[in-house]
> 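One structure, pasted below without further comment.
One-based numbering, in listed order, for ligands and for the atoms of each. Since we're looking at a predicted model, the values are computed, not measured. Just so you know, residue 1 is the first one in the sequence shown, and it goes up from there.
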Amino acid sequence: MAENGFGAHNQRAIVSMSGSTSQRSFFENVSLNFDKAASFTEHPSGLLDQIKACNSVYHFQFPIQKDGGYEVVQAWRVEHSQHKLPTKGGIRYSEEVNEDEVKALAALMTYKCALVDVPFGGAKGAVKVNPKKYSIAQLQRITRRYTAELVRKNFIGPGIDVPAPDYGTGEREMAWIADTYSAFHPEAIDAVACVTGKPVSQGGIRGRREATGRGVYFGIREASLHAEDMKGLGLTPGLKGKTVVVQGLGNVGYHAAKFLQEADCVIVGLSEFEGAIYDPQGLDIDRVVKHRKETKTILGFPGAKDVPRTLDALELECDILVPAALENQITAENAGRIKAKIIGEGANGPVTPDAEEVLKKRQVLIVPDMYLNAGGVTVSYFEWLKNLQHVRLGRMGKRFTETSLAQLIITIERATGHKLAPQEKERLARGPSEEDLVNSGLEDTMINAYNEIREIWKKTPGIDLRTAAFISAINKVATSYMELGIFP
Ligand code: NAD
């Protein structure tokens with residue numbers, strides 16, 4: 001389950017390069033990036049205004065029984081763009097959440113889905129609670145009541161709006177949502193497709209849990225394969241031997257670190273909220289997680305040096321920095337001290353726009369959140385498809401593929417006179433499992449999207465990858481609106 005309790009995205013004092021502070025909200029930051037990118041497109045201003053605006057904002061309250069009394073809980077669901085339906089986006093349980101944050105995250109979902117060709121509009125939901133302060137029974141009541149309110153206002157449904165997990169929510173909450181929705185729609189054969197990120201036993205899909213971190217790995221790997229770009233950073237192409245620091249060992253950070261380590265990166269630094277650890281020889285991610293479980297802290301890991309302040313970890317010597325915890329971590333204040341040459345944004349909004357200006361001048365390559373953490377929604381899309389098809393991915397073709405491959409191997413053996421070892425035969429003649437198909441679909445998506453963005457980046461002078469990602473997303477959403485005939 002994703003943890004919550006992180007600081008709010010918005011209404012933070014953002015230190016500008018001149019040293020003054022601006023009170024730009026999260027949604028304003030997203031809009032700023034949108035406007036920057038929109039100026040490189042030729043779409044009419046009315047169309048751009050329509051894309052940028054949040055279409056539907058539903059803010060509601062409901063009472064729940066707590067400690068012998070009642071508490072009124074605030075909640076939101078924002079559907080940013082209905083140019084494609086259903087809309088899609090996670091539900092966040094956080095004490096610090098507010099409407100601006102939900103709007104910003106919903107907008108990012110629209111652009112993220114467009115970028116990776118997931119045919120959904122963007123949405124986001126939130127309940128203003130700290131789940132750590134509630135019992136499981138209370139959380140269940142909150143989740144079911146939240147879902148009932150969404151049903152009442154037509155803000156949920158397989159073809160309307162499909163939530164997923166975010167901070168403070170996970171598979172458990174998604175199962176409660178699916179069950180509540182089904183209770184309101186007992187006749188709906190597709191009811192389970194009203195939410196994604198469910199447990200596999202409740203209509204979830206294998207590979208969803210790791211999807212965002214795996215996507216982060218695929219995205220960084222793809223960026224590292226372009227020799228020309230790596231040369232500009234003073235790096236060799238490929239991931240092998242590259243040093244990595246990861247902030248946040250939650251769902252995204254843990255899986256990203258694990259897959260990067262498996263690809264022969266050296267994880268030199270890991271940071272959690274209690275501090276960080278550093279070892280230039282490399283840290284074994286699973287051993288660190290085990291150590292944290294046993295001792296309740298990442299600090300004191302055998303052979304590693306403790307770095308007491310978590311923010312200092314961002315400034316450690318490394319090739320690739322993956323902030324995968326929370327927003328606004330790299331600001332104009334610390335951007336000048338970042339040593340990484342590549343920043344892979346696992347979290348949403350970890351680099352502020354002011355910090356980005358500093359980093360750009362220092363030629364740091366930022367692989368933007370909107371693209372890099374799109375693995376979760378991509379695999380949620382696969383889960384939704386699985387639910388609508390009512391069949392596990394690969395079920396129909398697995399054995400057929402295995403039989404055909406086995407036949408092909410026999411034919412090749414006969415023709416060449418070379419016999420393969422039984423294990424090799426087994427490996428070559430394996431039909432794809434659901435997880436194989438999910439991971440391969442995700443890999444393909446991340447590779448294609450990166451190269452689409454990179455092409456825009458390379459052919460548009462003076463822009464960065466983030467602006468290129470926004471341009472790509474804006475163009476795709478604009479095309480949808482034009483095809484709908486709304487903006488001829
Ligand atoms: P999570 O709660 O599973 O993990 C976050 C981790 O960061 C926790 O272990 C927490 O202890 C740690 N952390 C908190 N403060 C920290 C600090 N100051 N320094 C270092 N570590 C700190 O959450 P998650 O699902 O991994 O999400 C992380 C980020 O990725 C968020 O910005 C989220 O919106 C984004 N994201 C998540 C998904 C997904 O599928 N889970 C998808 C897209 C984007």
> Taking heavy atoms and a distance under 4.0 Å, where does P350 meet ligand 1: side chain, backbone, both or neither?
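Neither part.
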> Would you say the rings of Y111 and F34 are close, in the sense that their centroids are separated by under 6.0 Å?
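Centroid distance F34-Y111: below 6.0 Å, so yes.
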> Are a donor atom and an acceptor atom from the side chains of E96 and Y167 found within less than 3.5 Å of each other?
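Looking only at side-chain atoms, Y167 and E96 do not form any donor-acceptor pair under 3.5 Å.
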> Would you mind listing which atoms of ligand 1 come within a distance below 4.0 Å of any non-hydrogen atom of R92?
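By the 4.0 Å cutoff, the relevant atoms are 34 (O).
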> L326 heavy atoms, cut-off 4.0 Å: which ligand 1 atoms fall inside?
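Taking each heavy atom of L326 in turn, ligand 1 has 15 (N), 16 (C), 17 (C), 18 (N) under 4.0 Å.
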> At under 4.0 Å between heavy atoms, is it the side chain or the backbone of R209 that contacts ligand 1, or both, or neither?
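R209 to ligand 1: no contact under 4.0 Å from either part.
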> Ignoring hydrogens and angles, state whether a donor on the side chain of S433 or D436 is under 3.5 Å from an acceptor on the partner side chain.
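There is such a pair (donor and acceptor under 3.5 Å, judged by atom type) between the side chains of S433 and D436.
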> Determine whether the side chains of S56 and Q82 contain a donor N or O and an acceptor N or O closer than 3.5 Å.
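On atom types as modelled, these side chains qualify, holding a pair under 3.5 Å.
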> Heavy atom to atom 40 (O) of ligand 1, shortest distance: which of T212, I298, N373 holds it?
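It is T212 whose heavy atom sits nearest to atom 40 (O) of ligand 1.
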> Go through ligand 1 atom by atom and flag the ones less than 4.0 Å from a non-hydrogen atom of S271.
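Near S271, the atoms of ligand 1 are 19 (N), 20 (C), 21 (N).
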> Step by step, would you call E452 with K476 a salt bridge (Lys or Arg N to Asp or Glu O under 4.0 Å)?
CA-CA 12 Å; E452 257 178 47; K476 288 181 185 181; 2.7 Å; yes
> I'd like to know whether ligand 1 has E345 as a neighbour, heavy-atom separation below 4.0 Å.
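Distance cut 4.0 Å: E345 fails for ligand 1.
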> Side chain, backbone, both or neither: which part of M370 has a heavy atom under 4.0 Å from ligand 1?
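Contact part for M370 vs ligand 1: neither.
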> If you measure every N/O of K112 against every N/O of ligand 1, is any gap under 3.5 Å?
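No.
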> Quick one: does NZ or CZ of K36 land under 6.0 Å from the six-membered ring centre of F470, within 45 degrees of the ring axis?
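No, K36 does not lie over the aromatic ring of F470.
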> When you compare ligand 1 with E272, is there at least one nitrogen or oxygen pair between them that comes in under 3.5 angstrom?
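There is such a contact, yes.
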> Considering D369, V216, L372, N251, which one's heavy-atom position lies nearest to atom 25 (O) of ligand 1?
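Of the listed residues, N251 has the closest heavy atom.
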> Which atom pairs, one a donor and one an acceptor, fall under 3.5 Å between side chains of residues 120-128 and the rest of the protein, sequence neighbours left out?
residue, atom, partner, partner atom, Å
K124, NZ, D166, OD1, 3.1
K128, NZ, E95, O, 3.1
K128, NZ, V97, O, 2.9

> Aromatic ring centroids of Y146 and F60 under 6.0 Å?
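For Y146 and F60, the ring centres are under 6.0 Å apart.
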> What atoms of ligand 1 come closer than 4.0 angstrom to any heavy atom of Y167?
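Counting from 1, the qualifying ligand atoms are 31 (C), 32 (O).
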> Indicate the ring-plane relationship of F155 and Y58, choosing parallel, tilted or perpendicular according to the 30° and 60° boundaries.
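F155 vs Y58 ring planes: tilted.
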> Select one of side chain, backbone, both or neither to describe which atoms of V252 lie under 4.0 Å from any atom of ligand 1, heavy atoms only.
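Under 4.0 Å from ligand 1, V252 contributes backbone and side-chain atoms.
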